[in-house]
Amino acid sequence: MIDLHTHTNESDGTCTPLELIDRALAMGLEALAISDHDTFAGYDQALGPAREYGLDLVCAIELSARLDSDGVKRRTVHLLGYFLHQPPSIEFRTWLQELQAARRERNVRLIAKLQSLGVEIELSEVERLGRTLTGRPHFARVLIQKGYAADWEEVFRKYLDDSAPGFVERESPDVANGIQRISAAGGLPVLAHPVRLGIRNRASEESLIGKLRDAGLRGIEVYHSDHSDSDQARYREIAKRFSLALTGGSDFHGDVKPGVALGTGVSGALRIPRSVLDELRKA
Ligand code: AMP
Ligand code: FE
Ligand code: FE
Ligand code: ZN
């Protein structure tokens, strides 16, 4: 069993890179990818220990990209990039630093917006949790802790969701650019958890994935904690139709998403065979 989609506390997870390695070894995972949002800091820290303890660690990244779909509501797509044969290029790492700067600038505006809505919150409180990769999930934790909302659902609905009053735009690459950046950096660009695009109509879903393939997409996350058996079967079909590689992972975030277990996902339902990674390495 393997897990190709996990987060550390270098992005919005709660486990340190070392704790994640420990857990992966304890449960006997054959391979683990660290796929933090916009940073390799977690992977970089885990690489030495993983080698020492004999864990097959895969270098990965998760990027948020803009999807400007025919005048319909603005959507965000998550892209995974897998660096299976060579480390990511220096240019790519530099570009990630630019994304981090844009995120920090957004966070300053988000604090001001929340304060204007009467919320007592300071950037330092949020950055204590999120450090270089402070994002909305860290804002959510602080707001809940302060009693502005009871839970994750409420805090996003009232303050942080793209359609909530507190929302401020963050500069992010458009999806074709994200795909192209990952490829140019030596990575395999993959569509993360396609079910979260929320496209009900099968034909529209397929047509979008076809367009992403034409833009250079090489793989699709077929196994994911949010995917039902029928989702999994459908994305497997789509992968075949568009000659996309299959990937899969739990999207483990630690204590902030307690329902999602490393390796096995929700209620132990996920099982990703080693062969998925073997095929990826051949792709
Ligand atoms: P950021 O990159 O800082 O804009 O934060 C984006 C992250 O916030 C996403 O990856 C999700 O983890 C989380 N998020 C955004 N919208 C929602 C929502 N409506 N409900 C729950 N989590 C959300
Ligand atoms: Fe996340
Ligand atoms: Fe994601
Ligand atoms: Zn993720």
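For this chain, numbers begin at 1 and follow the sequence in order. Read the numbers this way: they start at 1 and go in the same order the structure lists the ligands and their atoms.
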Stepwise side-chain hydrogen bond (donor to acceptor under 3.5 Å, both in side chains) check, Asp251 with His7: CA-CA 7 Å; Asp251 213 348; His7 297 269; 3.0 Å; yes

Side-chain donor-acceptor pair present, Asp278, Ser275, cut-off under 3.5 Å: no

Salt bridge Arg181-Glu91, side-chain N to carboxylate O under 4.0 Å: no

The Zn ion (ligand 4) to nearest N/O/S of His5 below 2.8 Å: yes

Presence of N, O or S from His5 under 2.8 Å of the Fe ion (ligand 3): no

Atom nearest to the Zn ion (ligand 4) - Asp251, N, O or S atoms considered: OD1

Atom name in His78, limited to N/O/S, at shortest distance from the Fe ion (ligand 3): ND1

The Zn ion (ligand 4) reached by His78 (N, O or S, under 2.8 Å): no

No-hydrogen, no-angle side-chain donor-acceptor test under 3.5 Å, His227 and Glu221: no

Degrees at the Fe ion (ligand 2) between the NE2 atom of His253 and the OD2 atom of Asp12, nearest 10°: 100°

Verify same cluster id: Val108, Val126 (apolar side-chain graph, 4.5 Å): yes

Backbone or side-chain N/O/S of Asp251 under 2.8 Å of the Fe ion (ligand 3): no

Distance flag, aromatic centroids of Phe83 and Phe40, threshold under 6.0 Å: yes

Proximal heteroatom of Glu62 relative to the Fe ion (ligand 3) (N/O/S): OE2

Minimum-distance atom from the Zn ion (ligand 4) among N, O or S atoms of Glu62: OE1

N/O/S from His37 sitting under 2.8 Å away from the Fe ion (ligand 3): no

Closest non-hydrogen atom pair, Gly135 against Arg106: CA-NH2, 3.8 Å

